[in-house]
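Numbered from 1 within each chain, the chains take letters A, B, ... in sequence-line order.
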Amino acid sequence: MNGLGIIKGMIETARNFAGSYHDPQRLTTVQYPEQKLPPVENARTIPFLVFDGDEAMAGLRCTACVICEKECPPQCIYIVKDQVKKPDYVGKMQMQPKVFDIDISVCMSCGICVEVCPFDAIKMDQVFELSTGDRFGKLLLDKHQLAKPNDYFVKIHKTEAGEIDVRREEDKLKAEAAAAAKAAAPKPPATPGAAK
Amino acid sequence: MSAGAISSELAEPAAEHQLLEVSLGPQHPSTHGVFRMDVSLDGEVVVKLKPVFGYLHRNHEKIAEKCSYLGSIPYTDRLDYICSLTNNWAYAMTVEKLAGLVAPERAEYIRVMLSELTRLINHSALAGFLLQDMGALGTPLMYAFREREKILDLFESLTGARMMCNYMRFGGCRCDLPPGWIEQTRSLVANFPSFLDEFEALLTGNEILLARTEGVGVLSKELAVNAGVTGPMLRATGVNYDIRKVDAYGVYGRFSFRVPLGERGDVFDRYMIRILEMRESLKILEQALRDIPAGPIIDPKAKLRNLRPKPGEAYGRIEGPKGELGFYLISDGGPNPYRYRIRPPSLINLTILEDMCLGQTIADAVVILGSVDIVLGEVDR
Amino acid sequence: METLEQIKARIEAAAPGARVEIVPNGSPANQPSLLLDAGHARAVAQFLRDDPALAFDYASNATGVDWPGKTIKEKIKVKKMVEGVEKEVEEVCEKKTPAYLEAVYHLYSMARKHGPLILRLRTANRADQVSLPSLTPVWRSCEFQEREIFDLYGIHFEGHPDLRRILMWPEFKDYPMRKDYVEPDDYEYEPTPHDAVLTRAREHYPGGTPA
Amino acid sequence: MSGLDQIFVSLAHWVAGWFPASVQPLVSAVLAIAGMMAVFGTCFALTTIVERKVLARMQNRLGPNRVGPFGLLQPLADGLKMLTKEDIVPFSADHALHFLAPLVLTVPVWLAFAVLPFGRKMSAIDLDAGILFFFAIGSASELSVFMAGWSSQNKYSLVGAMRAIAQMISYEVPLVLATVPVLMLAGSLDLNDIVAAQGTYTFGGLARWNAFTPWGLAGLLLFLIAATAESNRSPFDLPEGESEIIAGFLTEYSGFKYALFFLGEYLGLFAVTGLAVTLFLGGWHAPFQWLEWVPSWLWFAAKFTSLIFLFIWVRATLPRLRLDQLLNFAWRFMVPLSLINLLVAAVWFWSSAWNFPVAAAVRWLLCAALIALPYHWLGRVLRGPLPPPRQYSYAE
């Protein structure tokens, strides 16, 4: 019990005490409301719906295919299909959701809905100040509150959004080229037995 | 002044009614979660100690039977919520065994790196909590958490979340390493040893720590093996059993690292083994960072959504920071697993808690529980 | 580690009268298991642990599995007299697979460092004869796991030092992990009920959910 | 020099002058009391915030800085919180004892400040048996701790109270034994005489404090260790070992009674630190002769704060001892060492004639050896046979 170990420990805390005044390595506290850490690109909190163009409900990419509602582990997505169809970015007629609710008090921000969505319609947001005054109701976000423009999506997830936009442009060009080719080519003569 | 001498001095046989029945927990500052120990004390010495579980039981296995294979992965983050990536890996590996999928090279290297980073987090946080139980008011814990923050930032930039990573899939990983991630990891691995030296300077020579941990909670080799104790607790007793070496799963066979073994199996050995294991993990990380290949990170054949493995069963296990974490899946051909079982290392390591605590004082019982390293999310499932 | 057949032979040699079967495993993980009869289970386990060549000193995992009987519709050819003419007729008959509860043990050897040997013990049926010999006296690691199997499946382990519920509270009656377990309708008010929860919400609050 | 030095004394006389002669002693007493309570009240408030900030800095964080500039209004906020918090008294508790325990702790601790000399001619009462008075008052805290522990009818409180009694009594002995050499060499129990005995300066201008003699240094260390144990601070905070027995005897206290317990604990710490400064660090004397012009009470404050920083520093670093180790440490290490310290002080006094340089060095070394060897030997005996050094084998 000769006390040398204790003295060595005390020197260690003294070094930290002095270090925390000048060594940036030692003092890593970020004083939250005033200073904020820069958002990390891959970060994910709760999902949001992406819409193209400027008018939210018209530009919604979601085609109410309810894959995300089935795959969501805690079952917090609730979709009602709307029979009225509208053309999507390649002109194909797609359905749209009449009701699209996400219960963010149940959502565990796992991001599986983003992975399984075939239309890139739902992406993970980075907003984490989600507390509301009212415990009931305010935590069920409907499609109006969930919808956010595509350039917001480009702002927060640059690389991922970039790839998706490039792919969508190509599809659009291919679709227009196909449509143009179909319209330009004379209607083929009614080949006999066409209705095979 | 070993612990043995204490028990003989203090523990005169007390009449039954003189025992002080105390229930440590579930609301207690040092039970690492909602865990209760019904302790009966004779003065300060523990005479009987019965652990009680179930306060955090949400029947994760029943939920998994109703969920698809993909849907269970985010739930595995919530098992041992300090090391979410090793839980993911154990589950993904078992599903790969069940469905016959193989992860590409790059994904295996990323898995090894992430699980070794998780081991660093777990062991440093544990050393901090152990000292917190001994009464050092948060200083070691804050140093450990300062290092842990850097690793959590790496996880956030890769997987999107600090603790609930939900990153591994059966057949590989969800997304590739962002640019600059490997350089960040390399710099972290470079100056992590300075934290370990500082930690050892603060603690390992400290007389009070030696007095509080030497000869406390001794565990014999035979009892450890028979009671199924695994992980650092087992290696502290001297048994050479590390699943990374035994099964050499993933690409662990390609890395050269050593397995530290203790001698006496008391609390100090367990603390010291974890510190030495951190140094070994750093070696593995250096080698993995040096020769990680390029290439795809997920097996294209792996179907995410409705994976329906052929009827059969599979048991996969990995060397988690707390011990052998195993998953036992039975599939009946449907989209949901027929039976989904987790082998919780924390729960099984608690089997011999009473044997270690008898005859010690209540202050030791708290320190022994701290050295067992349990997380109630995994114990109660 | 020897192949399963060799182990089976050695077990039958060591524990006379023990009926051992090899249960194949369909998944590519090729982990077939040994089905033991309940009577000789403890003796076989003792042999597996103490035999120097096998040395299975570490029971890593003990799991409960519930197999309720399934009714399988099978088409079998049967000869039947149809209007006096001998004819092959396909007939659909229902066959019920046997219903039982099962305890699966994964054994490893820390001394020899060899792989999983899987033992399966099956109860007579799922209703009254649900008792199995406990392997805790052989491997202490099964203590908590067998208590959990008793708690969630209802398999009664004889010879277990301290068989009581481990996860559920002592007064809980049913066995939650069985396939035919019905969750109690402990519906509490949910702030944002929708979909399946909405229907249950309407049963409990016909007048509309309280604000 | 004496203007600034005696500023408080002259201020007190000036105010006392307003009153008729018959009532003047009462007024000056009230002034002294008011001054001490004001100074040590704010010192308590400051220490709570300084302790949290210094602890935080040692743990690489910032510490409270939200309430007021640099967090200086934090004690005000804590005080208000404690006042507004509901004061829960368990139903089965012994209400009278439960209510009295904090009072029994804080009231005697204020009395202990009466005898401490804060500056030249600045001690409230000039008792010729000052130390005796101090230790008599100091032992009242054990009673209050046990009252709190027993009256809360809570298992953790009972265990905490039993620990507190064992610890405080067994550390009272080395505390008193460590002061005996000082009394012997100063030749009087009066604190002012003890400070005066340390007033002279050696040839190099260095003050003759007791701490610069080997027995004084050992006495100071023993005194500080015993003082940490007396005031239930870090390596010996077993009575309220949070991680084992929740908050020990404080478990069932909330609201202002809890704050009173904290006040009592900190005042106990201040009193014992003041005594350590007076006995070993030369009270209000300056360390060097050419620094005599600095007012005496400022020297007392400087030494006082440095010792408080030492206590906080120890609290940040060391884990807690176990109860049996604590008692063995007291009885098998501290008490024999303080007795040997008496012997060393006697040898120092006997050899006081060797004052030319070489002999003084020999004298110093002789006494230092006389205290160091038993220190090492007792340490070896306390730890018992050294266990073989642990080596960790590595398996490939």
Check whether [X] gets within reach of chain A through its side chain, its backbone, both or neither, counting any heavy atom under 4.5 Å.
{"X": "S68(B)", "value": "side chain"}
{"X": "L158(B)", "value": "backbone"}
{"X": "K66(B)", "value": "neither"}

With only heavy atoms counted, which part of [X] is less than 4.5 Å from chain B, the side chain, the backbone, both or neither?
{"X": "I11(A)", "answer": "neither"}
{"X": "E115(A)", "answer": "side chain"}
{"X": "T159(A)", "answer": "neither"}

(request) Among the options L70(B), T139(B), I63(B), pick out the one with the most heavy-atom pairs lying under 4.5 Å from chain A. (result)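 Sorted descending by pairs with chain A, the first entry is L70(B).
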
(message) Does the plane of the ring in Y340(B) sit parallel, tilted or perpendicular to the ring in Y91(B)? Use 30° and 60° as the thresholds.
(response)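 Judged by the thresholds at 30° and 60°, the geometry between Y340(B) and Y91(B) is tilted.
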
(request) Please work out whether the ring planes of Y271(B) and F268(B) are parallel, tilted or perpendicular, with thresholds of 30° and 60°. (result)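 Judged by the thresholds at 30° and 60°, the geometry between Y271(B) and F268(B) is tilted.
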
(message) Nearest 0.5 Å, please: how far is CG in N88(B) from SG in C165(B)?
(response)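 Separation between the atoms: 7.0 Å.
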
(request) Answer yes or no on whether R78(B) is positioned over the face of Y75(B), meaning its NZ or CZ is under 6.0 Å from the six-membered ring centre and within 45° of the axis. (result)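 Not flagged: R78(B) not positioned over aromatic ring of Y75(B).
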
(message) For a quick test of reading the model, state the closest non-hydrogen atom pair linking Y69(B) to G334(B) and the distance between them.
(response)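 It is CE1-O, 4.0 Å.
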
Just so I understand: if I count every heavy-atom pair under 4.5 Å between each of [options] and chain B, which residue has the most?
{"options": "P73(A), G111(A), P74(A), C72(A)", "answer": "P73(A)"}
{"options": "Q25(A), E71(A), M108(A)", "answer": "M108(A)"}
{"options": "K70(A), R26(A), K8(A)", "answer": "R26(A)"}

(message) For E41(A), is there an ion pair with K158(A) - N to carboxylate O distance below 4.0 angstrom?
(response)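 Between E41(A) and K158(A) there is no salt bridge, as every charged N stays at least 4.0 Å from the carboxylate O atoms.
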
(request) Please say whether more than 12 non-hydrogen atoms of neighbouring residues, nucleotides or ligands are located less than 6.0 Å from CG in D54(A). (result)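 Incorrect, the count does not exceed 12.
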
